[in-house]
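For ligands, and for the atoms within them, numbers begin at 1 and follow the listed sequence.
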Amino acid sequence: MILHIVGARPQFIKLFPVSMALERRGIPFRVLHTGQHYDHVMSGLHFNDLGLRPPEYSLNIGSASHAIQTARMLEGIEKVILEERPALTIVYGDTNSTLAGALASAKLHIPVAHVEAGLRSFDRKMPEEINRVVCDHVSTWHFCPTQNAVDLLAKEGIEGIFTGDVMLDAIHHFAGMIKGPVDDSQYILTTIHRAENTDSAMRFHSIWEALKEISRTNPIIFPIHPRTKAAFGDIIDHDHPGIKIIEPAGYLDMLSLIQHAACVMTDSGGIQKEAFFLKTQCVTLRDTTEWPETIDARANILAGAETSTILSCLEKMMHARMDERITPFGDKRAGEHIVDVIEKNMGATL
Ligand code: UD1
C-alpha cells in the first residue's frame, strides 16, 4: 500500500494525477491529510473540484508556528505509518506537510517519493526552500518536473528522474471544464500569500500601492489567502474602486480566472506555472523563482515588491509575447511516468 501525505491546497492538485495513474493500475493507496489547510475554500472545495475521494486519515493539525505545526504533524504521521506500514509514502511540493511526511517516513525506514523534487530558489529565508532541501536529502525517489531540477539535484549528489510536471497533467485533464470569462474586461488577477510579502508590512504596502495605481486603468481581481487576510484584512480598503477582493477560489474557478486575465501578478509558485500553461503572461511579486523556464520563455518576469518596478514589469508583460516553443514541463503524463518508476522498482511490495 502507498500512503500519500498532503495538507496544503497545491498538494491536492498534485495528488490528483498520481492517484489517477495508481487507480488505473489497481495499485492500492491511502491519503493522509495533515490539516495544514482546513478552511472549506482551502481544502474541501479542492477535493470536490478534483473529484478526489475523502482522505482516509485527517490529522486536523491546523495553523501554528513552523516548529509546532511540523512537530504535531510528525507525531500524527508517525502514528499512522506505524499502524499502516505502507510500502512507500509520496509527498508533494515544499510545504511543512511535505517536510513532516518525508522526515517521519525516512526515520521509520519507509521509502519516500518526492514529487516536484529538485526545485531551488537559493533563498534559505524561504521556509519552502528549507523544506525542499531537507525533503530531497531524505527521500528515496526524486521525481522532477523539469530537466533543470534534475541538473540542480545532480549538483547535490542526488539522482533525479525527469517525469514532467503533474500540474500540467491536471490542467490538461480539466481543460474542457474551464468556464468562460467572468467578465470581458482586461482584468489583472493577483494573489499574494508568501511569507516574504505577508510578514513584511513594507513589502505588502508597496505591492498594494502598485495595485491601486494599476486599478485606475485595469480592474484587479484579488482572491485573498487567509494568511494575507489575517495580516492585512483590517488595514486594506476592501471597497477600493477597481480592486475586487474575493474569497480564495476553487481549482476550476481559479483556472478560469487565470486563463481569461490580461495578466497575472502573483507570488505563488503554482500560479506562475498555471499562467504559463494557460498562456497568460505573469508578473512575479518575488525576487527569485523556482521556475526559471517561464522567464526564459518570456512568459514571466521577477518584479519583487517595489511599486515602480511592479508597474514597469506589468507594462512590459502586457506587451510581451511568450515563446510557445519552450515546453520544459513534459508531455502531460507525469503521473503515469511517476507510477511507471514506482511499479517497476517496487511492484511486488505494493
Ligand atoms: C502554505 C505553504 C506555502 C504554500 C501555501 C499554499 C508552508 C511553509 N507554506 O502556506 O508554501 O504556497 O501553503 O497555499 O508550508 N490559514 C487559514 N485557513 C487555512 C489555512 C491557513 O486561515 O485553511 C491562515 C492562518 O492564519 C495561518 C496562515 O493562513 O496561520 C498560514 O497558513 P500556513 O499553513 O502556515 O501556510 P500558508 O501561508 O498557507
One finds that the ligand 1 atoms under 4.0 Å from a non-hydrogen atom of Gln69 are 34 (O)
| said: Is it true that, when you exclude Arg124 itself, more than 12 heavy atoms of the residues, nucleotides or ligands shown sit nearer than 6.0 Å to its CZ? | reply: no
(message) Between Asp169 and Pro17 (side chain of the first, backbone of the second, donor and acceptor by atom type, cut-off under 3.5 Å), is there such a pair?
(response) no
Among non-hydrogen protein atoms, atom 22 (O) of ligand 1 lies closest to Pro226 CB, 3.1 Å
Item to complete: Decide whether an N or O pair under 3.5 Å exists between His66 and ligand 1.
Response: no
task = Measure the acute angle between the ring planes of Trp291 and Phe329, then classify it against the limits of 30° and 60° as parallel, tilted or perpendicular.
result = tilted
- Query: Using 30° and 60° as the class limits, which term best fits the ring planes of His46 and Phe12: parallel, tilted or perpendicular?
  - Reply: tilted
In ligand 1, the atoms that come under 4.0 Å of a heavy atom of His193 are 4 (C), 5 (C), 6 (C), 12 (O)
Q. For atom NE2 of His205, is the number of surrounding heavy atoms from other residues, nucleotides or ligands below 6.0 Å larger than 12?
A. yes
I want to check something: taking the side chain as every heavy atom from C-beta on, are Lys14 and Met167 in contact at a cut-off of under 4.5 Å? yes
Counting from 1 in the order shown, the ligand 1 atoms closer than 4.0 Å to a non-hydrogen atom of Pro10 are 6 (C)
request  = Look at the aromatic rings of His225 and His37 and report parallel, tilted or perpendicular, splitting at 30° and 60°.
outcome  = perpendicular
Using heavy atoms and a 4.0 Å limit, tell me yes or no: is His225 in contact with ligand 1? yes
Pairing donors with acceptors under 3.5 angstrom, does anything connect the side chains of His114 and Asp136? yes
In this structure, atom 1 (C) of ligand 1 is nearest to the protein heavy atom Gln36 NE2, 3.7 Å
Mind checking whether Val18 and His4 have side chains closer than 4.5 Å, heavy atoms only?
yes
| query | Backbone or side chain, does any N or O of Arg227 fall under 3.5 Å from an N or O of ligand 1? | reply | yes
Near Glu128 (heavy-atom distance under 4.0 Å), the atoms of ligand 1 are 3 (C), 9 (N), 11 (O)
Can you find an N or O of Asp39 that's nearer than 3.5 Å to an N or O of ligand 1?
yes
In this structure, atom 2 (C) of ligand 1 is nearest to the protein heavy atom Thr95 CG2, 3.8 Å
To atom 21 (C) of ligand 1, the nearest of Ala230, Gly7, Ser43, Ser63 on a heavy-atom basis is Ser63
Looking at His40, His37, Arg132, Met42, the heavy atom closest to atom 10 (O) of ligand 1 belongs to His37
Note: ligand 1 atoms sitting under 4.0 Å from heavy atoms of Asn96 are 7 (C), 8 (C), 15 (O)
